[in-house]
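Before any comments, here is the structure.
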Amino acid sequence: MDPTKRKTIIAGNWKMNMTPSQAAKLTFDLKTAIPLKRRACEIVLCVPYVDIEMVKTGVTGSEMKLGAQNVHFAPKGAYTGEISAEMLTECGVEYVIVGHSERRQYFGETDETADKRLLAGVNAGLKVILCVGETLAERESGVTTQVIARQTRVGLADVSREMLGNVIIAYEPVWAIGTGKTATADQAEEVCAFIRGVVAELYDSGAAEGLTIQYGGSMNAGNAAELLSKKDVDGGLIGGASLKPEEFAKIIEAAER
Ligand code: PGA
């Protein structure tokens, strides 16, 4: 990470965990573990929709920002089960994830829908975390960079240079998510730097240098410092470890160094 050039962001992705009462307790415990002080990094909690209200109250008076895990591209209408950007902003949500590999894997989302969802989020004033990442089969067959380039290009297809200020990219190798198998710091750096290169081609080097690129995939208190020491790794998108207050607090500490 290079805080002189871009913001470091540590975001927790709670996935489908925590009922509202459990969310209230977890937020309280996080607030205790992460004391209020001037911080070099931004802290975000991406929570299930039904927890938004609880967590919003819980993070008041802390440095933690509120995020959601998806957003639909239409402003409203017959999209059973979906949530619009306006619904999120009215609830006080500032960040949203799009194109997470679990959405792609289990719910048929694609690079194109990630692009549309991203656009809807940014247009509504949300900061959007676009996830990209290769599967194990793709890595083993040597097509990682092709896959990442495609996901980045299509995901940003409708994003102007101006909008890019509200976009974050999370590199999350699918084989590292929830598996305990973290990418090495060098593997993470290689792909994050590659993404920055793709963004420089799409826009310009200034835009690329200012873009926050997170790593995600089994990041924890033990490996965060090394991953975050890499110059193109500007933070983390953290699943499992974000549900453990002490662990999450240690990752934030690693990002403060
Ligand atoms: P993990 O999940 O930290 O549990 O591997 C990361 C993510 O999917 O965002």
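Side chains are part of it too, since the values below use all heavy atoms of this structure and drop only hydrogens, waters and symmetry mates. Numbering of ligands and ligand atoms starts at 1, following listing order.
Checked by atom type and distance alone, the side chain of Glu109 never pairs as donor or acceptor with a backbone atom of Arg104 at under 3.5 Å. Side-chain atoms of Gln151 come within 3.5 Å of backbone atoms of Gly133 as a donor-acceptor pair (strictly under, hydrogens ignored).
Summarising the local packing, OH of Tyr49 is surrounded by more than 12 heavy atoms from other residues, nucleotides or ligands at distances under 6.0 Å. Within a 6.0 Å sphere centred on CD of Glu190, other residues, nucleotides and ligands contribute 12 heavy atoms or fewer. Counting non-hydrogen atoms of other residues, nucleotides and ligands closer than 6.0 Å to CD of Gln146 gives a total above 12. More than 12 non-hydrogen atoms from other residues, nucleotides or ligands lie less than 6.0 angstrom from NZ of Lys15.
Close contacts of ligand 1 with Ala176, meaning ligand atoms under 4.0 Å from a residue heavy atom, involve 5 (O). If you number the atoms of ligand 1 from 1 as listed, the ones under 4.0 Å from a heavy atom of Gly178 come out as 1 (P), 4 (O), 5 (O). Of all the atoms in ligand 1, the ones that sit under 4.0 Å from a non-hydrogen atom of Leu237 are 6 (C), 9 (O). The ligand atoms of ligand 1 that sit less than 4.0 angstrom from a heavy atom of Glu172 are 6 (C), 7 (C), 8 (O), 9 (O). Close contacts between ligand 1 and Ser218 involve ligand atoms 1 (P), 3 (O), 5 (O) [criterion: under 4.0 Å to a heavy atom]. Those atoms of ligand 1 that come under 4.0 Å of a heavy atom in Gly217, given as number and element, are 5 (O). For ligand 1, the atoms sitting less than 4.0 Å from at least one non-hydrogen atom of Gly240 are 1 (P), 3 (O), 4 (O), numbered in the order shown with element in parentheses.
Heavy atoms of Ser242 found under 4.0 angstrom from ligand 1: none, in either backbone or side chain. Looking at Asn13 against ligand 1, only its side chain comes within 4.0 Å, counting heavy atoms.
No N or O atom of Ile238 sits closer than 3.5 Å to an N or O atom of ligand 1. Checked by distance only, ligand 1 and His100 come closer than 3.5 Å through their nitrogen or oxygen atoms.
Selection from Gly216, Gly239, Pro173, Ala241 by nearest heavy atom to atom 6 (C) of ligand 1 gives Gly239.
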Please determine whether salt bridge (charged side-chain N to carboxylate O under 4.0 Å, His left out) holds for the pair Arg153 and Asp111, giving the CA-CA distance in whole Å, both sets of side-chain angles, and the decisive distance to 0.1 Å. CA-CA 9 Å; Arg153 289 206 182 97; Asp111 296 336; over 6 Å; no

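Nearest protein neighbour of atom 2 (O) of ligand 1, counting heavy atoms only, is Lys15 NZ, 3.2 Å.
No chain of hydrophobic side-chain contacts below 4.5 Å, direct or via other Ile, Leu, Val, Met, Phe, Trp or Tyr residues, connects Val154 to Val191.
Look at Asp2 and Lys231 and you find no salt bridge, because none of the NZ, NE, NH1 or NH2 atoms lies under 4.0 Å from a carboxylate O.
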